[in-house]
Amino acid sequence: YFVYLFVLSYKEIKAQKKKIKKYSLLNQKMLIHFSNELRAPLPVIRDFIELLYLEKAGQLNEKQKKILNLLHKNTEELIEESSSLVYYNQLKTGELYLNKQNLNLIELVNDAIRRCDDELLNRKIKIRYRPRKKKIPILADKGKLLSAIYAVLRNITLMAKSSSSIKVWSRQSKYSNYLQIIFIYQGKMFPEPELFSQSIIDIFVANKIITLHGGNMSRKTQDDQKQKITIILPSNN
């Protein structure tokens, strides 16, 4: 009798697990669909706001410009957050793929810095980025790697002391096939890569994207209590 009950319980638990898995996959698909539907019009809305801000449709007063600037910032943040959410769900379902192409790492870092303009201005933080080379070739997925670098830099910007500076370097090794992006700042400690969790989705996803590119990210506190974040990526040379 007890064996019979055990078998029934086991079958019931197995059936419930199947249902949970089915609903979980359905939920993920709905979330991805919703995120994609949300993301589709956002770049168009952002570009239209930019046209209005540049007074292509007529002259604006200062109050109108401030409102458009705020709308533009919120739209950019929504694009980035929805991207992180989509990538996170693709990671969970094993559907995240990389569309690699030949890129310039210097331009990617510059684009990430430009995206942080609002945070930099609000906290009076300066980024000092003076790459020695004009071009460092890399084979990568432009959208995903840019999103990862931006997520790391944005969080560093929020952790750095107000009115301080962030030093950024991009290097290519002469002796082996790897590239480095180095961030040095004074402020709160960046979480250790092994402690990244879903509680900070953008950093969690950024770390996974860097790993998928064959790279890794590390953190170190220097003697002067400055934080050093290093992203290492393979070179395509």
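Keep in mind that the numbers below use all heavy atoms, side chains included, and drop hydrogens, waters and symmetry copies.
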**Report entry** Chi angles and distances behind the side-chain contact (heavy atoms from CB on, under 4.5 Å) call for Q227, M189
**Finding:** CA-CA 7 Å; Q227 308 300 320; M189 290 179 69; 3.6 Å; yes
Close side-chain approach of [X] and [Y], heavy atoms under 4.5 Å:
{"X": "L98", "Y": "H213", "value": "yes"}
{"X": "V168", "Y": "I182", "value": "no"}
{"X": "L68", "Y": "E50", "value": "no"}
{"X": "L233", "Y": "L145", "value": "yes"}

Would you say [X] has more than 12 foreign heavy atoms packed within less than 6.0 Å of its [atom1]?
{"X": "E62", "atom1": "CD", "value": "no"}
{"X": "Y129", "atom1": "OH", "value": "yes"}
{"X": "K100", "atom1": "NZ", "value": "yes"}

**Report entry** Within 45° cone of Y53 ring axis and under 6.0 Å: K65 NZ or CZ
**Finding:**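 Yes.
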Requested in this report: Examine K220 relative to F190 and say whether NZ or CZ is less than 6.0 Å from the centre of the six-membered ring and inside a 45° cone about the ring axis.
Outcome: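 No.
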**Report entry** Step-by-step side chain to side chain donor-acceptor pair (under 3.5 Å) determination, S170 to Q180
**Finding:** CA-CA 6 Å; S170 296; Q180 282 184 330; over 6 Å; no
Query - Partner of I136 under side chain to side chain contact (heavy atoms under 4.5 Å, CB included), chosen from L179, V109, L103 - result: L179
Query raised in the report: If every non-hydrogen atom of L96 is compared with every non-hydrogen atom of K144, which pair is closest and at what distance?
Result: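 Of all heavy-atom pairs spanning L96 and K144, the closest is CD1-CE, 3.3 Å.
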Requested in this report: Check step by step if side-chain contact (heavy atoms from CB on, under 4.5 Å) holds for D111 and Y150.
Outcome: CA-CA 8 Å; D111 285 347; Y150 166 75; over 6 Å; no
Requested in this report: Please assess S235 against Y178 for the test side-chain contact (heavy atoms from CB on, under 4.5 Å), listing each intermediate value before the final yes or no.
Outcome: CA-CA 5 Å; S235 170; Y178 74 85; 5.8 Å; no
Requested in this report: Apply side-chain contact (heavy atoms from CB on, under 4.5 Å) to N104 and I138, showing your working.
Outcome: CA-CA 6 Å; N104 182 1; I138 183 173; over 6 Å; no
Requested in this report: Supply the atom-to-atom distance I125 CD1 to K161 NZ, rounded to the nearest 0.5 angstrom.
Outcome: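 So the CD1 of I125 and the NZ of K161 are separated by 11.5 Å.
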